[in-house]
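Heads up, the thing below is written out as structure tokens.
None of these values were measured; they are calculated from a predicted model.
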Amino acid sequence: MAHDDLYRAGIGMTSQRTRERLLERLFEEGIRNLHVLEAMRRTPRHLFVDEALSHRAYEDTALPIGHNQTLSQPYIVARMTELLLGGGSLDKVMEVGTGSGYQTAILAKVVERVFSVERILPLQERAKRVLRDIDVRNVVFRHADGNWGWPQYGPYDAILVTAAPAEIPRELLGQLADGGRLVIPVGEREQHLMLVIRHGDEFTYQQVEPVRFVPLLAGAIHS
Ligand code: SAH
């Protein structure tokens, strides 16, 4: 067996129980959406981190993915996805901050189509590869500064941002469909997860809970 296959098979056997434990923990922490829980059960998080960290992939913690970025804690991924769905179903969803692609994979399993924007090219390329390997096909990727969204395919039924701006970018509000939901961490030293809902030209803002995300930066880079 090739090294990669051995590695995957080994992890596959040892991780089943730890994965189930993570699911129980998410439920205890208040995650109730069955689509979200099922998506998390079926997504091998260890494939989204470096091999050296894979033994920690089913702990409820954030993990480094290089380039000074982190893969979000499973609880946060579940919570943000649950907030985005709001009990309904979604067709077009934009994600800003592909990172490892783990949140992208979860989203792709609970909505129809994902449009994912990332500013760091090597991260995007790795995420693309992993998602292809696990057969996630309803995602398209864009290498760009997500502060400007992805107007070409908008408006979106929902937008999920996984890096924190000081203030909500106007362009993202503008690309939200009527009734659409935006889930975004906002703030600098102190950050809060916000749920924004569009009603025509009006927006309602709900502060959900304190969070810690890497900053939403400006400009796209190649390395
Ligand atoms: N959801 C990711 C979290 C990655 S951390 C995961 O589960 O792995 C946040 C990501 O947002 C990083 O990859 C970072 O490069 C990206 N990011 C930060 N500012 C951005 C911007 N303006 N446009 C697009 N992506 C951005």
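- Salt bridge Glu38/Lys109: absent, no basic N to carboxylate O contact under 4.0 Å.
- Listed for the Arg79 side chain is no donor-acceptor partner under 3.5 Å among the backbone atoms of Glu29.
- Under a 3.5 Å cut-off, the side chain of Arg142 and the backbone N or O of Gly149 do form a donor-acceptor pair.
- In the displayed structure, His35 atom NE2 is contacted under 6.0 Å by at most 12 heavy atoms of other residues, nucleotides or ligands.
- Put simply, the side chain of Glu82 never gets that close to the backbone of Ile31: no donor and acceptor are under 3.5 Å apart.
- Under the 3.5 Å distance criterion, the side-chain polar atoms of Gln191 are matched with a main-chain donor or acceptor of Phe213.
- The main-chain N or O of Glu112 is never found under 3.5 Å from a side-chain atom of Asp91 such that the two would form a donor-acceptor pair.
- Judged by distance alone, with hydrogens and angles left aside, the side-chain atoms of Gln124 form no donor-acceptor pair with the main-chain N or O of Gly97 at under 3.5 Å.
- Cation-pi geometry between Arg198 and Phe203 is not met: the NZ or CZ atom fails to fall both under 6.0 Å from the ring centre and inside 45° of the normal.
- Note: the hydrophobic cluster containing Val183 does not contain Val196 (ILVMFWY, side chain heavy atoms under 4.5 Å, direct or indirect links).
- Side-chain atoms of Thr104 and Thr98 form no donor-acceptor pair, as typed in the model, at a separation below 3.5 Å.
- Atom-to-atom distance recorded for Ile120:CD1 and His222:NE2 is 12.0 Å, nearest 0.5 angstrom.
- Other residues, nucleotides and ligands place no more than 12 heavy atoms under 6.0 Å from the CZ atom of Arg212.
- Using modelled atom types, no side-chain atom of Asp145 and backbone atom of Ala218 make a donor-acceptor pair closer than 3.5 Å.
- Counting heavy atoms from C-beta on, the side chains of Leu26 and Tyr75 come closer than 4.5 Å.
- In this structure, CD on Glu95 lies 9.0 Å from CD on Glu118, to the nearest 0.5 angstrom.
- Salt-bridge check for Arg17 with Glu20: failed, with every basic side-chain N at 4.0 Å or more from each acidic carboxylate O.
- Contacts classified as ring pair (Phe, Tyr, Trp, His ring centres under 6.0 Å) and involving residues 151-201 (residues at least two apart or in different chains) are given here: Phe115-Tyr153, Phe115-Tyr156, Trp150-Tyr153.
- Going from atom CG of Leu216 over to atom CD of Glu167 covers 12.5 Å, rounded to the nearest 0.5 Å.
- A distance of 9.0 Å separates CG of Leu84 from CD1 of Ile159, quoted to the nearest 0.5 Å.
- Looking at His46, its side chain never comes within 3.5 Å of a backbone N or O of Tyr58 through a donor-acceptor pair.
- When the shell of 6.0 Å around CZ of Arg170 is examined, it contains 12 or fewer heavy atoms from other residues, nucleotides or ligands.
- One N or O on the side chain of Asp157 and one on the backbone of Lys92 form a donor-acceptor pair closer than 3.5 Å.
- Judged purely by atom type and a 3.5 angstrom limit, Asp178 uses its side chain to pair as donor or acceptor with the backbone of Gly200.
- To the nearest 0.5 Å, the span separating OG on Ser100 from CG on Asp50 amounts to 11.5 Å.
- Rounding to the nearest 0.5 Å gives a distance of 12.0 Å between CG of Leu160 and CZ of Arg181.
- Residue Phe27 places its CZ atom among 12 or fewer non-hydrogen atoms of other residues, nucleotides or ligands, all under 6.0 Å distant.
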